[in-house]
Amino acid sequence: MNADAADATPAAAGTGADPARPEGAGTGRLVLLTTSHRVAPGLLSWPAWQTLRAADRVLCADPDHPQLPYLREAGIAVETAAPTARELVDYCSPVASTAREVPPSDARTAVVLTSAEGESALTDGLARLAGSGRESMPDLELLPGSYDLPGARLLDLVQVMDQIRAECPWSSIRTHRDLAKYGIEEAYELVEAIEEGDREALREELGDVLLQVVFHARIAQDDPDEPFSVDDVAGTLVEKLLHRHPHVFGDELAETPEDVKAHWLRTKAEEKQRDSVTEGIPLAQPGLALAAKLASRVRTAGLDVPLPSGAGIGYELLSLAVRAESEGVDPEAALRAAARAYRDAVVTAEGSAG
């Protein structure tokens, strides 16, 4: 810090003799360098490396910042310090007189490597100085040194799940069977959010469904005989998507949604090598959905299978579900919509009775 400059500013301000100190060429440069903890340390952008190498000082308040070992290995000296806004401004712009700008030869560049929590005290201080209109401020720059790629927050989710599995008394002893019912509940809540058009609920319920995936994968990681991780789950899914989209990742053509569905069914049949079109249909799903799925498989396979005859409401519902599927209607969704209307009617009746 330039003590003379720091002492001169308040004195001149007190006499009213200090004119506004404009920003401009020769006033130095102050760079706040941000990085993402989700990107491997050391993988900084080229502009970030150029700025670090050219800087007169590089400072970091966090002695455990993950970038520090890599910067030092690259020959960049990093000071562990948390300077104030006043100190940094005076360093970058070492004014000899408050009545003139700093000569370009005296201007300096300082880089502050920000912590994960940010530097709110520093940025607030810089804002106050710049807003006063009486400071010869250095050129202020926010420079992202590394960016999160799409999906980067999933790394946070995996890390959080690891810690919960290790330290939470309830989560640490859960099994796949323990969580099975929650998977069903969360799927239904997701469907409800979709059908009601509630965007906020949709975002939350998608997260709850994702939690089930990550939680199950973390449990599977602890299996003593056949462990697998969330990376294995994602890897299997990526391979499946690549294989089932040859029109995107290969040479095949698909110009319509029907072409895409044909590709999907063909590649799926090649993968599964099933003896029956009914294989892979979960029989524990709700009855209307089960009936519609069976009808869909039969229709897609081009089979002519008469509906079984029998007395009772079950066979009538089966006939209705098959008819709905043939008309492109999801019988489960249709029944839910009707049931929701019934619920509203009940609430209305209750209000009238009250």
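Heads up: numbering here begins at 1 and tracks the sequence.
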Inset, instruction - Check whether any side-chain N or O of Asp178 sits under 3.5 Å from a backbone N or O of Thr175 as a donor-acceptor pair, and report yes or no. - result: yes
Inset, instruction - Applying side chain to side chain contact (heavy atoms under 4.5 Å, CB included), run through Arg165 and Ile219 and close with a yes or a no. - result: CA-CA 8 Å; Arg165 178 68 171 172; Ile219 292 172; 3.6 Å; yes
Legend entry - Path from Tyr182 to Leu211 over hydrophobic side-chain contacts below 4.5 Å: yes
Inset, instruction - For Ser171 and Phe215, run side chain to side chain contact (heavy atoms under 4.5 Å, CB included): C-alpha distance rounded to whole Å, both residues' side-chain angles, the deciding distance at 0.1 Å, then the answer. - result: CA-CA 9 Å; Ser171 300; Phe215 202 165; 3.8 Å; yes
Inset, instruction - Please list, chain by chain and in numerical order, all residues satisfying side-chain hydrogen bond (donor to acceptor under 3.5 Å, both in side chains) with Glu195, sequence neighbours excluded. - result: Arg336, Arg340
Legend entry - Salt-bridge contact Glu185-Lys181 (side-chain N to carboxylate O under 4.0 Å): no
Inset, instruction - Could you list the residues that satisfy ring-ring contact (aromatic ring centres under 6.0 Å, His included) with Trp49, not counting sequence neighbours? - result: none
Legend entry - Beyond-backbone contact of Leu32 with Leu122, side-chain heavy atoms, under 4.5 angstrom: yes
Inset, instruction - Compare all side-chain heavy atoms of Leu320 with those of Glu316 and state whether any distance is below 4.5 angstrom. - result: no
Legend entry - Pairwise side-chain contact, Leu52 with Val78, heavy-atom cut-off 4.5 Å (strictly under): no
Legend entry - Under 4.5 Å side-chain linkage, directly or through intermediates, the cluster mates of Tyr70: none
Inset, instruction - State, with a plain yes or no, whether a side-chain heavy atom of Leu59 is found less than 4.5 Å away from one of Val111. - result: no
Inset, instruction - Flag the pair Tyr315 / Pro308 as yes when at least one side-chain heavy-atom distance between them is below 4.5 Å, and no otherwise. - result: yes
Inset, instruction - Taking the side chain as every heavy atom from C-beta outward, state whether Asp198 and Glu205 have any pair of such atoms under 4.5 Å apart. - result: no
Anything under 3.5 Å between a donor and an acceptor, one on a side chain of residues 290-307, the other on a protein residue two or more places apart or in another chain? List them.
from, atom 1, to, atom 2, distance (Å)
Arg297, NH1, Val277, O, 2.3
Arg297, NH1, Glu279, O, 3.0
Arg299, NE, Glu325, OE1, 3.2
Arg299, NE, Glu325, OE2, 3.4
Arg299, NH2, Glu325, OE2, 2.4
Thr300, OG1, Ser296, O, 2.8

Legend entry - Exam field: side chain Asp232 to backbone Ser229, donor-acceptor pair closer than 3.5 Å: yes
Inset, instruction - Check whether any side-chain N or O of Glu79 sits under 3.5 Å from a backbone N or O of Cys60 as a donor-acceptor pair, and report yes or no. - result: no
Inset, instruction - Inspect the contact between Arg86 and Asp90 and indicate whether a charged nitrogen and a carboxylate oxygen are less than 4.0 angstrom apart. - result: yes
Inset, instruction - Report yes or no: does Asp56 contribute a side-chain atom to a donor-acceptor pair with the main-chain N or O of Ala110 at less than 3.5 Å? - result: no
Legend entry - Heavy atoms from other residues, nucleotides or ligands near CD of Glu73 exceed 12 (cutoff 6.0 Å): no
Inset, instruction - Just grab all the salt bridge (charged side-chain N to carboxylate O under 4.0 Å, His left out) pairs involving residues 34-55, residues at least two apart or on different chains. - result: Arg38-Asp148, Arg38-Asp156
Inset, instruction - Examine Arg57 relative to Tyr91 and say whether NZ or CZ is less than 6.0 Å from the centre of the six-membered ring and inside a 45° cone about the ring axis. - result: yes
Legend entry - Test item: Leu113 and His65 side chains (from C-beta on) under 4.5 Å apart, heavy atoms: yes
Inset, instruction - For Gln163 and Gln159, indicate whether the former's side chain and the latter's backbone hold a donor-acceptor pair under 3.5 Å. - result: no
Inset, instruction - Specify the closest pair of heavy atoms between Gly287 and Glu332, including all atoms of both residues, with the distance to one decimal. - result: N-OE2, 4.2 Å
Inset, instruction - Measure up the His245 and Phe249 rings against each other and bin them: parallel (under 30°), tilted (30 to 60°), perpendicular (over 60°). - result: perpendicular
Legend entry - Min side-chain heavy-atom separation Phe228-Val233 under 4.5 Å: yes
Legend entry - Test side chain to side chain contact (heavy atoms under 4.5 Å, CB included) applied to Ile173 - qualifying residues, sequence neighbours left out: none
